[in-house]
Amino acid sequence: MLLPRDLLLLPWRRATAAGEAIARRLNHHRAPPFSDPDDDPPFTRLAERPPRAPSKKKKKEEEDQGGRIRPPEPASSDLPFDFRYSYSETDPAWRPIGFREPTRFSPFGPGRLDRPWDGVAAAAARGEGAGAAATSREEVLGEPLAEEEVAQLVERYRHSDCSRQINLGKGGVTHNMIDDIHNHWKRAEAVRIKCLGVPTLDMDNICFHLERPQIPLMLWKPLAPIYPRLVQNVADGLTFEKTKELRNTGLNSSPLMKLTRNGVYVNVVDRVREAFKTVEVVRLDCSHVGSSDCKKIGVKLRDLVPCVPLLFKDEQIILWRGKVKQENSVSLQFSPEPS
């Protein structure tokens, strides 16, 4: 069946007319090509509100303060020791040769402590009467506990499921850890400190630095200063050839001990001292311990044994007993026995 031409075109023309009307309305609301990109017509822009007037309470506080807000006074401490990030893993005798951040930035925050920060520590006041106000240990702790009371506290808090526990890691006794201990003491009589890693080489040092009073908190961990090289190309008192020979001897020898990551190293110092009675060079296998911890272990052994670190390579530590120990062992070997 054939329909007239105008009838066939009528629906198409009606749809086109409706589409043209919609297009005209869209084009009417369309933004020009160079309009403000923040001007989005589908969303209504909120009118800018005037700032709120300060409340009567705030006005009164500003009037009491002389019309300006005063910063809080810096904390003052009369403790006789310097504040530093780690007390057990740093030695005040070590002086850095450089810093990784400006020393004017104190980790205690700007204007929060009355001690200047020198990049390593916030030094205590020196001079006459500097520690006059510091309380003694007996005044803080009171009377010592009896053996039965000590045994009861140890039995109560020594188990691994104890909720009052602080983990002591490679940083040793840090500044803010002392505040954590005091926070536990507010709710319990004792706190369990689990020690792992490098600090366990010298447990007496850890116990000594844990006996501290309350001190201001550090807001961030300061970057470690730059210290001189731990291992020299040529050891003191040796030639380059002899130093190289000792290093190769240590690498080819069997390891004295194998240290694990975050292990307990309380017997390492005694083992190294005992080994130096018969051998000149000792190798410690520190696989998976980490190069940073290897160097920290070497520094502690250098001071505790004492000995001379010769090499840190592939997480292996080579230690030399030094000429002094060698001469002492020879003199003891040939010295006459007392009558």
Side-chain angles (χ1 to χ4, degrees), residues 77-108 113 115-128 130-131 134 137 168-178 195 197-213 215 218 221-238 265-266 268-270 272-273 276 284 291-312 317 319-325 328:
S77 177
D78 55 0
L79 298 177
F81 58 88
D82 299 343
F83 294 162
R84 57 183 66 243
Y85 172 72
S86 178
Y87 296 100
S88 63
E89 303 307 301
T90 56
D91 191 346
W94 302 342
R95 299 312 304 171
I97 59 177
F99 299 95
R100 293 183 172 89
E101 61 182 357
T103 57
R104 65 179 182 274
F105 296 142
S106 172
F108 294 96
L113 187 65
R115 298 185 181 187
W117 178 259
D118 61 359
V120 178
R126 301 291 189 265
E128 298 181 357
R137 173 182 169 84
L168 188 146
K170 64 178 65 177
V173 182
T174 59
H175 188 85
N176 290 355
M177 181 184 293
I178 302 174
C195 305
V198 181
T200 59
L201 285 168
D202 192 1
M203 292 297 296
D204 293 337
N205 186 36
I206 292 178
C207 296
F208 170 76
H209 288 289
L210 282 175
E211 299 168 356
R212 302 273 183 172
I215 52 179
M218 281 189 176
K221 176 183 177 181
L223 296 178
I226 302 173
Y227 292 97
R229 291 187 59 180
L230 177 62
V231 177
Q232 305 296 329
N233 293 330
V234 181
D236 294 338
L238 298 178
Y265 312 141
V266 292
V268 176
V269 176
D270 294 335
V272 173
R273 288 175 180 171
F276 277 152
L284 299 178
S291 59
S292 177
D293 285 2
C294 284
K295 294 179 180 179
K296 293 179 180 179
I297 292 173
V299 170
K300 281 186 170 290
L301 292 178
R302 179 194 63 182
D303 301 331
L304 295 175
V305 174
C307 59
V308 179
L310 290 180
L311 184 65
F312 296 93
I317 302 178
L319 303 174
W320 176 46
R321 65 183 178 184
K323 276 193 171 184
V324 177
K325 280 188 171 294
N328 292 340

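Here the straight-line distance linking atom CZ of Phe312 with atom CD1 of Ile317 works out to 5.0 Å at 0.5 Å rounding. One distance of note links CG of Leu230 with NZ of Lys295; it measures 8.0 Å at 0.5 Å rounding. Here OG1 of Thr200 is found 7.0 Å from CD1 of Ile206. Values are rounded to the nearest 0.5 Å. If you take CG on Asp91 and OG on Ser86, they are separated by 11.5 Å, rounding to the nearest 0.5 Å. Interatomic distance, NE2 of His175 versus CZ of Phe83, reported as 5.5 Å (0.5 Å rounding). The structure places CG of Leu201 at 11.0 Å from CG of Asp303, a figure rounded to the nearest 0.5 Å.
Residues Phe99 and Val120 form a side-chain contact, since some pair of their non-hydrogen atoms from C-beta on lies under 4.5 Å apart. Counting heavy atoms from C-beta on, the side chains of Leu238 and Lys323 come closer than 4.5 Å. For the pair Phe276 and Leu319, the minimum side-chain heavy-atom distance is below 4.5 Å. Two residues are said to be in side-chain contact when any heavy atoms from C-beta on lie closer than 4.5 Å; Asp293 and Lys296 meet this criterion. Within the 4.5 Å cutoff, no side-chain heavy atoms of Asp236 are placed close to those of Val308. In this structure, Leu310 and Val231 have side chains that are not in contact, with every pair of non-hydrogen atoms separated by 4.5 Å or more.
Of the possible donor and acceptor atoms, one in the side chain of Ser88 sits under 3.5 Å from a partner among the backbone N and O of Val173. Side chain of Arg115 to main chain of Ala121: no donor-acceptor pair is present (N/O by atom type, distance under 3.5 Å, no hydrogens or angles).
Of all non-hydrogen atoms in Pro309 and Cys307, the two that sit nearest each other are CD-O, 3.8 Å. Counting all heavy atoms, side chain and backbone alike, Tyr87 lies closest to Asp82 at CE2-O, 3.3 Å. Minimum interatomic distance between Gly119 and Thr103 (heavy atoms only, all atoms of both residues): CA-CG2, 3.9 Å.
Among the candidates Asp202, Leu284, Ile297, the single residue satisfying the side chain to side chain contact (heavy atoms under 4.5 Å, CB included) test with Tyr265 is Ile297. Among Lys300, Lys170, Arg84, the single residue meeting the salt bridge (charged side-chain N to carboxylate O under 4.0 Å, His left out) criterion with Glu89 is Lys300.
Between Phe108 and Trp117, the two ring planes are perpendicular [angle over 60°; tilted spans 30° to 60°].
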